[in-house]
Amino acid sequence: INRHPSSLSLVKISSPGLNMNRAVIIFTLSTCFIDGALSFTNNPNNNVLHTPTTKPAFARSTSVPMPSSRTRRKGKLSTTSTTPPTSITTIFAMDVSSLTTASPSFESAITTTTRNNNAISPQIIAATASATLTYLSLLLAFDRPRGKLLLPDLQNTLLIQPSRVPGAGLGLFAGKSLPKGTVLGTYAGVLRPAQQFYDGKCRQYPNAVGYSWRFTDSQYIIDPTDSEGEIQNVCFGGSNGVPLSNEVFGTVFRFLGVDTALCRINEPPIGGGGCNVSAKEDLKRREVVFTLIQDVYVGQEFYLDY
């Protein structure tokens, strides 16, 4: 993210494929949109307040010269000094006190509020609304639940009952007869970078590993468990690594919850008749499609070779 005095330039963010921490992105973009909203409302063309002539605090260059790097020119090695633009870490280096004292736009907004007998100024409203929308949009992009069931009459078609596999807990059973080739749906959960998942949530809640689906390229996993690594009947999304993410998806975005019935399918026991479900990965869309490879009858348990 590069900040300039007169504009806001964002490097394209692609998902999946992002190596940066999601909490850093959400906080940084929210901060940028706050300052951008304040600058907009202070523009003289908008008839609100006069734009301060001093460069905003966020736009100040506080970059530190990097050590000399070696470059090859015409077959010879030469040494050049590089100075990178203001980075995300530079933005975070500012504390709250510098935000309120060094940023003219923010300070003018606070002053305007005081002059209006503690009334909420347009600058504060615009900044708050912009930051909130940015935060919620990024949560939806990264932490939303994926997956869906494609069968009609789900309550009577798929039944969750104690599995016939010893020690497996619950399993998934057919409440109705289903023909070979029936598409059951896609695996439910939140798409997460595999390394981040294993280094973070799995260390704290090892049970989450047993329900996660790791793609064959080992780059991403689908995690259907809750904030404590346990499987529930519905996955509402959210992340332990982003502030308030679990709370927002458990309340505001609760309607996005997806059924986790397919996550209950176990591997077949010895002599259990083999598998009747196959899984096909789509690495481009990052989803796993479950399809019946045999006719399944009422009361029969679904089995899959993981």
Is there a continuous path of hydrophobic side-chain contacts, each under 4.5 Å between heavy atoms, that joins I293 to F290?
no

Side chains of T260 and Q232, donor plus acceptor under 3.5 Å
no

From I265 atom CD1 to I160 atom CD1, the distance as rounded to the nearest 0.5 Å:
10.5 Å

To the closest 0.5 Å, what do you measure between CZ (F236) and CZ (F255)?
12.0 Å

Can you give me every donor-acceptor pair (side chain of residues 180-187, partner residue at least two apart or in another chain, under 3.5 Å) with its distance?
residue : atom : partner : partner atom : Å
T182    : OG1  : P179    : O            : 2.8
T186    : OG1  : K148    : N            : 3.0
Y187    : OH   : Y211    : O            : 2.5

Could you go through L283 and F215, starting from their C-alpha distance and side-chain angles, then the distance that decides it, and tell me whether this counts as side-chain contact (heavy atoms from CB on, under 4.5 Å)?
CA-CA 8 Å; L283 295 179; F215 286 93; 3.7 Å; yes

Using the rule that Ile, Leu, Val, Met, Phe, Trp and Tyr join whenever any side-chain heavy atoms are under 4.5 Å apart, tell me whether F253 and Y135 fall into a single cluster.
yes

So, for C235 and G189, which heavy atoms are closest and what is the spacing to 0.1 Å?
SG-CA, 3.9 Å

Steps toward side-chain contact (heavy atoms from CB on, under 4.5 Å) verdict (V165, E267):
CA-CA 8 Å; V165 180; E267 288 189 307; over 6 Å; no

Can any side-chain N or O of T132 pair as donor or acceptor with the backbone N or O of T128 at less than 3.5 Å?
yes

With a 4.5 Å heavy-atom cut-off, do K201 and R192 have their side chains touching?
yes

For the residue pair F173 and G299, what are the closest heavy atoms and their distance?
CD2-O, 3.5 Å

Which residues share a ring pair (Phe, Tyr, Trp, His ring centres under 6.0 Å) with Y306, sequence neighbours left out
W213

Give the cluster check for F302 versus I222: same hydrophobic cluster or not, with ILVMFWY residues linked at side-chain heavy-atom distances below 4.5 Å.
yes

Closer than 3.5 angstrom, by distance alone: can the side chain of E301 be matched with the main-chain N or O of R164 as a donor-acceptor pair?
yes

Would you call E281 and V289 a side-chain contact if the rule is heavy atoms closer than 4.5 Å?
no

Begin with the C-alpha distance, continue with both residues' side-chain angles, and end with the deciding distance and a verdict on side chain to side chain donor-acceptor pair (under 3.5 Å) for S245 and D143.
CA-CA 8 Å; S245 178; D143 295 340; 2.9 Å; yes

Where is the tightest heavy-atom contact between N266 and S163, given as atom of each residue plus distance?
ND2-OG, 3.2 Å

Does the side-chain contact (heavy atoms from CB on, under 4.5 Å) test come out yes or no for Q300 and N276, once each step is laid out?
CA-CA 10 Å; Q300 189 174 352; N276 48 28; 3.6 Å; yes

Spell out, yes or no, whether L292 and V288 are grouped together once hydrophobic residues are joined by side-chain heavy atoms under 4.5 Å, including indirect joins.
yes

Under a 4.0 Å threshold between the charged nitrogen and the carboxylate oxygen, would R214 count as salt-bridged to D223?
no

Shortest non-hydrogen pair, L133 vs S137, comes out as O-OG, 2.7 Å

So does R286 get a backbone contact from the side chain of D282, meaning a donor-acceptor N/O pair under 3.5 Å?
no

Determine whether T225 and N207 satisfy the following criterion, side-chain contact (heavy atoms from CB on, under 4.5 Å), listing intermediate values before the conclusion.
CA-CA 9 Å; T225 63; N207 289 340; over 6 Å; no

Side chains of Y303 and V277, heavy atoms from C-beta outward: is any pair under 4.5 Å?
no

Those residues that, when tested against F197, pass ring pair (Phe, Tyr, Trp, His ring centres under 6.0 Å) (two or more places apart):
none

Nearest 0.5 Å, please: how far is CG in L256 from CZ in R254?
11.5 Å

Rounded to the nearest 0.5 Å, what separates atom CG in L151 from atom CG in L262?
8.0 Å

Hey, any chance V234 and L172 share a hydrophobic cluster, counting ILVMFWY side chains that come within less than 4.5 Å of each other, even indirectly?
no

Rounded to the nearest 0.5 Å, what's the gap from CZ on R144 to OG on S239? Could you check?
14.0 Å

R146 and L191, any side-chain heavy atoms less than 4.5 Å apart:
yes

Heavy-atom closest contact (S218 atom, A194 atom, distance):
O-CB, 3.5 Å

Atom of P224, atom of A188 and distance for their closest heavy-atom approach:
CB-O, 3.2 Å

Backbone of S227 reached by a side-chain donor or acceptor of N246 within 3.5 Å
no

When rounded to the nearest 0.5 Å, the distance separating CZ of R264 from CD1 of I231 is 5.5 Å

Using only atom types and a distance under 3.5 Å, with no angle test, would you say the side chain of Q294 pairs donor to acceptor with the backbone of C275?
yes

